[in-house]
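Everything below concerns the one structure shown next.
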Amino acid sequence: MKDTFKHKGLRQQLVETVKGKGIKEQKVLDAIGKIPRHLFMDSGFLDHAYVDKAFPIAADQTISQPYTVAFQTELLQVKEGSKILEIGTGSGYQTAVLCELGAKVYSIERQLELFKITSKFLPKLGYRAKKLIFGDGYKGLKEEAPFDGIIVTAGAPFVPKPLMSQLNIGGRLVIPVGDDVQVMTLFIRTGLKDFEKHEFGEFRFVPLLEDKN
Ligand code: SAH
């Protein structure tokens, strides 16, 4: 688990790339500049760790593109102490970004293999989520609701109702919606039954699948 000057240098270039694509929030850029993304990837992909691309991880899943991670995180508007639910822990990279921002993070993963690997790995880097859960994110996490923010990091064919109902008033749900291509969508809960909906550009994610493996 090494983090060298070379890695740090490459990481700063990645920060500039992500900034160049329009990410403005300094705290988000700082998190990307700090987190050793190469340690979240299989050793065979080390050379690609600081390229702004998604890459394969275990169980046929992907670590999201850094720009996408930054874009979704910006939309969430995380504050120190915000209670955030993440659906799709995967490599744990997005989880680490949320921890860097001072969020209390709950994260759900449906692939047992990834859940096990990431649950061991994140604390080694000093990232302590409140809870990592092996389960089905379509259901959200009723026992810990409501959340200030919910972020879905897989492509959802539709918006799961439980996620909407587990938001605080003022809370934000960031979810890529669609089958082959997804539209990044932000819902802001403005009242008990009222939501504002905002749509952003198109993105591509691995699918949000139902039930655990
Ligand atoms: N945030 C991750 C992205 C991983 S890709 C990262 O930065 O690495 C999306 C992840 O969502 C995959 O690990 C996949 O297994 C998981 N996933 C898919 N459907 C799910 C569901 N219903 N509940 C929880 N996790 C799910």
Side-chain angles (χ1 to χ4, degrees), residues 14 18 23 28 31-32 34-42 45 48-76 78 84-101 103 105-122 125 127 129 131-142 144-145 147 149-164 166 173-182 184 203-213:
L14 175 63
V18 167
I23 301 301
V28 175
I32 287 177
K34 193 165 169 198
I35 301 170
R37 187 176 190 247
H38 62 284
L39 300 180
F40 290 75
M41 299 172 55
D42 292 347
F45 293 106
H48 305 279
Y50 295 107
V51 179
D52 188 28
K53 281 192 178 155
F55 275 99
I57 53 173
D60 283 336
Q61 299 304 318
T62 56
I63 177 169
S64 298
Q65 183 180 345
Y67 169 71
T68 306
V69 171
F71 191 84
Q72 286 195 280
T73 309
E74 238 183 20
L75 288 181
L76 261 187
V78 181
I84 304 289
L85 175 65
E86 177 190 23
I87 311 296
T89 317
S91 69
Y93 182 74
Q94 172 76 66
T95 318
V97 170
L98 295 169
C99 289
E100 279 290 346
L101 296 181
V105 189
Y106 298 78
S107 184
I108 308 179
E109 172 57 53
R110 70 172 279 284
Q111 288 274 2
L112 187 57
E113 185 190 354
L114 274 175
F115 166 75
K116 284 185 179 164
I117 296 172
T118 304
S119 303
K120 269 197 189 162
F121 170 70
L122 279 176
L125 283 189
Y127 293 116
K131 244 187 213 174
L132 297 177
I133 300 115
F134 170 54
D136 177 12
Y138 273 94
K139 300 186 180 73
L141 195 63
K142 206 173 170 190
E144 299 288 351
F147 296 95
I150 301 179
I151 174 171
V152 180
T153 69
F158 59 90
V159 182
K161 282 231 169 68
L163 301 187
M164 303 280 267
Q166 291 175 21
L173 167 64
V174 179
I175 179 168
V177 186
D179 292 318
D180 297 338
V181 178
Q182 295 86 32
M184 192 61 77
F203 290 78
R204 274 174 204 273
F205 287 80
V206 292
L208 187 68
L209 300 172
E210 281 192 80
D211 299 325
K212 297 180 268 195
N213 65 346

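Order of listing sets the numbers, starting from 1, for every ligand and every atom in it.
With no hydrogens or angles considered, a side-chain donor-acceptor pair links Q94 and T73 at under 3.5 Å. For the residue pair T89/E109, the side-chain donor-acceptor check at 3.5 Å is not satisfied.
Relative to atom 24 (C) of ligand 1, the option among Q61, R110, Q94 with the closest non-hydrogen atom is R110. Evaluated by nearest non-hydrogen atom to atom 8 (O) of ligand 1, the leading choice among A58, A54, G90, S91 is S91. For atom 1 (N) of ligand 1, the nearest non-hydrogen atom from the set G88, P207, S107 comes from G88.
If you number the atoms of ligand 1 from 1 as listed, the ones under 4.0 Å from a heavy atom of L208 come out as 18 (C), 19 (N), 20 (C), 21 (C), 22 (N). Close approach to E86 involves these atoms of ligand 1, each under 4.0 Å from a residue heavy atom: 1 (N). Of all atoms in ligand 1, numbered sequentially from 1 with element shown, those under 4.0 Å from a heavy atom of V206 are 5 (S), 9 (C). Counting the atoms of ligand 1 from 1 in the order shown, those under 4.0 Å from a heavy atom of L114 are 13 (O). The ligand atoms of ligand 1 that sit less than 4.0 angstrom from a heavy atom of Q111 are 15 (O). Heavy-atom contacts of T62 reach the following atoms of ligand 1: 3 (C), 4 (C), 5 (S), 8 (O) (cutoff under 4.0 Å).
Remark: F205 engages no residue in a ring-ring contact (aromatic ring centres under 6.0 Å, His included) (not counting sequence neighbours). Annotation: ring-ring contact (aromatic ring centres under 6.0 Å, His included) contacts of F40 (sequence neighbours excluded): Y93, F121.
Residue contact annotation: T89 has a non-hydrogen atom under 4.0 Å from ligand 1.
Using modelled atom types, one side-chain atom of Q61 and one backbone atom of A59 make a donor-acceptor pair closer than 3.5 Å. Not a single donor-acceptor pair under 3.5 Å links the side chain of Q72 to the backbone N or O of Y67.
Note on ring orientation: taking the six-membered ring where Trp is involved, the planes of F134 and F115 are tilted (angle from 30° to 60°).
Put simply, the side chain of L85 does not reach to within 4.5 Å of the side chain of E144, judged on heavy atoms. Counting heavy atoms from C-beta outward, T153 and V206 have side chains that stay 4.5 Å or more apart.
When only interatomic distances are considered, the shortest N/O to N/O separation between L209 and ligand 1 falls below 3.5 Å. Geometrically, ligand 1 and G137 share a nitrogen or oxygen pair separated by less than 3.5 Å. Note: an N/O pair closer than 3.5 Å links E109 and ligand 1 by distance alone.
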